[in-house]
Amino acid sequence: MNFIEEMRWRGLLHDVMPGTEEHLLEGKRAGYIGFDPTADSLHVGHLSTAMLLVHFAHCGHQPIALVGGATGMVGDPTDKTNERQLLYEEELNKNVAGIHHQLKYLLEKAGGEGTINMVNNYDWMKDYTFLDFIRDIGKHLTVNYMTSKDSVKKRLEFGLSFTEFSYQLLQGNDFLHLYEKHNCTFQMGGSDQWGNIVTGTELIRRKAEGKAYAMTAPLVTRADGSKFGKSDGNDNVWLDAEKTSPYKFYQFWINQDDDMSEQYIKRFTLLEKAEIDELIEEHRANPGRRIVQNRLAKEVTTLVHSKEDLDLAITASGILFGKSTKENLQQLSKQAIQEVFEGVPTFTIQKTDLEHGIEVVDLMADKTTIVSSKGEARRSLKENSISINKEKVGLEAQVSTADLLNDTYILVQKGKKNYFLLEVQ
RNA sequence: GGGGGGAUACCAAAGUGGCCAACUGGGGCAGACUGUAAAUCUGUUGUCUUCGACUUCGUAGGUUCGAAUCCUGCUCCCCCCA
């Protein structure tokens, strides 16, 4: 299958070096993407680039995933306005291990065992001495060339340490190394990586007198246009089930608006063009059924987590968003509740607190962190946004042991989408 | 080294002695309408024992019946001249 052609219809082709398509059509090629260990788990932003490798493998090529044990120590200045904080070695090692594991799992699940070649640039950088490096690598590139990169230029005005300035040399050297040792002639990445990638192909041309190719994909943005993930806040969607539960992960995809879901289904699933076209057509004919969102959520949750996690997420979503009532909830067994609400924030409260009834305000503000203050608790009650066991409650409402589901649980809902489970002891 | 300007809630930005828990915009959170969408409209966005009280306007003091607003020290930021 023609990889570039595939990328083109999926809307994943932002920039491509001339001759790349022909080069890839000549036979099986090795291509890589680098991931810096900025956290111990990948997030959806990484997933979008990781999918490039998945598609690459799917088209019959050899994917190489590089974990940046070395580059992570330095920090990529791209899209950073401030100098990056250096990571401690211990934290770095943990991050490398986490990311390594996730990438391997993901790629093998999508492409079969043994499809992925995992490398860590720390392995070839750790014994490289500074002198050797500046003589071997630094000699081939001019500072003029390096400073002309956008990632550097933007920072020159505000300051950029020599450390981060050197980042592109490290990434360039990675490409050179893979070219020489793994016959890797192709690098992919997000569109912000173009500068760093080109440094690599340039280095290969000058030092190894070889020819290497590259392509970048548009960055995934949220509905509001901001870039996914990285270090902004905790609203990131992580691949690690501990950080973002499969249920939440599933909901993330379900909640995408129409435009986004059409983009995402091309990017994040391996479905064929004909099938996707059909889904989109069906969806547009009847948008209320959210066909694309549902399929997207199903595919991605299965890929990243598992079929079992998906089934639970669907069951949970059905109960939470379907027309279920208090009676439905009461019919659930204790075990079913536990399974369905896996990953929903849970608070433990004392049974004695409930015996004589307790004001909902006190319950939410004192016994849990559903709201951050009593003022907020009252406000949300006035706004009519709080439900207990699927029934809206007002300011005066009280909760007692009579409200317990299965003698153990109370389901609190704030707004339409935020659920909390209270477990009585 | 000299001169000038600034620091206000999540962000931006008004307010320059009492009408200020603090205009306005963005963001957030919710409600209505919907399709768990978008757009739109509405409410809300310091804390509490909530028709009232308390704590907030860089920081520490002071003046005053009363200060985000005036004075002094300190810290940090920006600009201009050398």
Side-chain angles (χ1 to χ4, degrees), chain A residues 81-83 157-159 220-228 231-237 244-266 268 279-298 300-301 310 312-325 328-329 340-341 343-345 358-388 390-398 411-420:
Chain A
T81 41
N82 297 313
E83 183 78 14
E157 197 179 329
F158 304 101
V220 199
T221 49
R222 298 172 207 253
D224 63 7
S226 71
K227 196 176 155 186
F228 256 121
S231 33
D232 52 349
N234 46 16
D235 55 345
N236 258 341
V237 178
T244 301
S245 70
Y247 164 75
K248 273 190 136 169
F249 186 82
Y250 175 81
Q251 281 293 325
F252 169 77
W253 300 103
I254 283 285
N255 268 310
Q256 295 302 326
D257 68 43
D258 296 352
D259 282 352
M260 280 300 163
S261 62
E262 287 181 14
Q263 280 181 42
Y264 288 174
I265 200 164
K266 291 180 192 164
F268 290 99
L279 283 168
I280 289 178
E281 198 179 317
E282 234 181 290
H283 177 257
R284 286 185 180 163
N286 192 351
R289 287 178 58 204
R290 306 175 71 81
I291 292 167
V292 172
Q293 282 93 332
N294 275 294
R295 187 59 187 271
L296 171 69
K298 179 184 157 194
V300 187
T301 307
L310 170 72
L312 267 178
I314 292 176
T315 310
S317 302
I319 290 167
L320 298 178
F321 292 101
K323 291 211 177 64
S324 59
T325 59
N328 295 136
L329 289 174
V340 164
F341 295 104
V344 169
I358 181 170
E359 297 261 337
V360 176
V361 173
D362 297 326
L363 179 69
M364 289 199 299
D366 290 344
K367 308 295 176 195
T368 74
T369 52
I370 295 173
V371 290
S372 60
S373 69
K374 292 197 180 178
E376 192 185 332
R378 286 194 200 87
R379 197 183 310 130
S380 35
L381 284 165
K382 273 184 217 153
E383 281 165 345
N384 202 26
S385 66
I386 303 293
S387 297
I388 304 274
K390 296 295 283 185
E391 286 174 358
K392 292 278 185 192
V393 294
L395 202 49
E396 309 300 326
Q398 295 217 339
L411 180 66
V412 181
Q413 184 178 357
K414 176 169 166 274
K416 224 173 273 180
K417 297 175 190 172
N418 305 305
Y419 288 89
F420 304 90

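If you take CD1 of A:Ile370 and C1' of B:C29, they are 15 Å apart, rounded to a whole angstrom. Summarising the geometry, the separation between CD on A:Glu376 and P on B:U47 is reported as 7 Å, rounded to the nearest angstrom. The CD1-P distance, from A:Ile319 to B:U36, rounds to 17 Å in whole Å. When the C1' atom of B:U49 is taken as reference, atom CZ of A:Arg378 falls 8 Å away, rounded to whole Å. When rounded to the nearest whole Å, the span between CD of A:Glu262 and P of B:A37 equals 17 Å. Atom CG in A:Asp257 sits about 14 Å away from atom C1' in B:U34, given to the nearest Å. Residue A:Asp362 contributes atom CG, which lies 16 Å from atom P of B:U47 at whole-angstrom precision. The distance between atom NZ of A:Lys382 and atom P of B:A32, rounded to the nearest whole Å, is 18 Å.
Atom NZ of A:Lys248 has 12 or fewer neighbouring heavy atoms from other residues, nucleotides or ligands inside a 6.0 Å radius.
Side chain of A:Glu376 to backbone of A:Ser372: a donor-acceptor contact under 3.5 angstrom is found. Of the possible polar contacts, none joining the A:Gln413 side chain to the A:Tyr419 backbone as a donor-acceptor pair under 3.5 Å is found. A:Arg290 contributes a side-chain N or O that, together with a main-chain N or O of A:Ile254, makes up a donor-acceptor pair within less than 3.5 Å. The closest donor-acceptor contact from the side chain of A:Asn294 to the backbone of A:Ile291 lies at 3.5 Å or more, if one exists at all. Remark: side-chain polar atoms of A:Thr244 are not paired, donor with acceptor, to backbone N or O of A:Val237 under 3.5 angstrom.
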Review point. Stepwise, does the side-chain hydrogen bond (donor to acceptor under 3.5 Å, both in side chains) test hold for A:Lys417 with A:Asn255?
Key: CA-CA 10 Å; A:Lys417 297 175 190 172; A:Asn255 268 310; 3.2 Å; yes
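Nearest-nucleotide positions on RNA chain B for A:Ser380 and A:Gln251 put A:Ser380 closer to the 5' end. Judged by closest nucleotide on RNA chain B, A:Gly288 is the one of A:Gly288 and A:Lys374 placed further toward the 5' end.
By the side chain to side chain contact (heavy atoms under 4.5 Å, CB included) test, A:Lys367 pairs with A:Ile349, A:Asp353, A:Ile358, A:Leu363, sequence neighbours left out. Applying the side chain to side chain contact (heavy atoms under 4.5 Å, CB included) test to A:Glu391 and every residue at least two apart in sequence or in another chain returns A:Lys326. A:Thr368 pairs by the side chain to side chain contact (heavy atoms under 4.5 Å, CB included) definition with A:Phe347, A:Met364, A:Ile370, A:Leu422, not counting sequence neighbours.
When the P atom is compared between B:A68 and B:C23, the two are found 15 Å apart, to the nearest whole Å. For the C1' atoms, the distance linking B:C57 with B:U8 amounts to 4 Å, nearest Å. Atom P of B:U59 sits at a distance of 14 Å from the matching atom of B:C11, rounded to the whole Å. Across B:U16 and B:G6, the matching P atoms stand 14 Å from one another, rounded to whole Å.
Of the options A:Val340, A:Leu320, A:Val344, a side-chain contact (heavy atoms from CB on, under 4.5 Å) to A:Leu411 is made by A:Leu320 and by none of the others.
Side-chain atoms of A:Lys416 come within donor-acceptor range of the base of B:U34, with a qualifying N/O pair under 3.5 Å. A donor N or O paired with an acceptor N or O is not found under 3.5 Å between the base of B:U36 and the side-chain atoms of A:Gln293. On a pure distance criterion of 3.5 Å, no polar donor-acceptor pair joins the side chain of A:Asn286 and the base of B:G35.
Using a 4.0 Å heavy-atom criterion, one finds that A:Arg289 contacts no nucleic acid atom at all. As judged by a 4.0 angstrom heavy-atom cut-off over every strand, A:Ser317 is placed among the base-contacting residues. Looking at heavy-atom distances under 4.0 Å, A:Gly415 makes contact with sugar-phosphate atoms alone, never a base. Nucleic acid contact class of A:Asn294 (heavy atoms, under 4.0 Å, all strands): none. Note on A:Asn255: a base of the nucleic acid sits closer than 4.0 angstrom, heavy atoms only.
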Check your understanding: Given pairs defined as Watson-Crick or G-U wobble with both distances under 3.5 Å, what dot-bracket annotation applies to RNA chain B, with ( ) intrastrand, [ ] crossing, | other strand and . unpaired?
Key -> ((((((((.[[[..)..(.....]]]((((((.......))))))(((...)))...[[[[[..)....]]]]]))))))).
Considering only nitrogen or oxygen atoms on both sides, find all protein atoms under 3.5 Å from nucleotides 42-46 of chain B and state each distance.
{"residue": "B:G43", "atom": "N2", "partner": "A:Glu383", "partner atom": "OE2", "Å": "2.7"}
{"residue": "B:U44", "atom": "O2'", "partner": "A:Arg379", "partner atom": "NE", "Å": "3.1"}

Please enumerate all protein N or O atoms sitting under 3.5 Å from an N or O of nucleotides 53-57 of chain B, with distances to 0.1 Å.
none

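A donor and an acceptor atom, one from each side chain of A:Asp258 and A:Gln293, are located under 3.5 Å apart.
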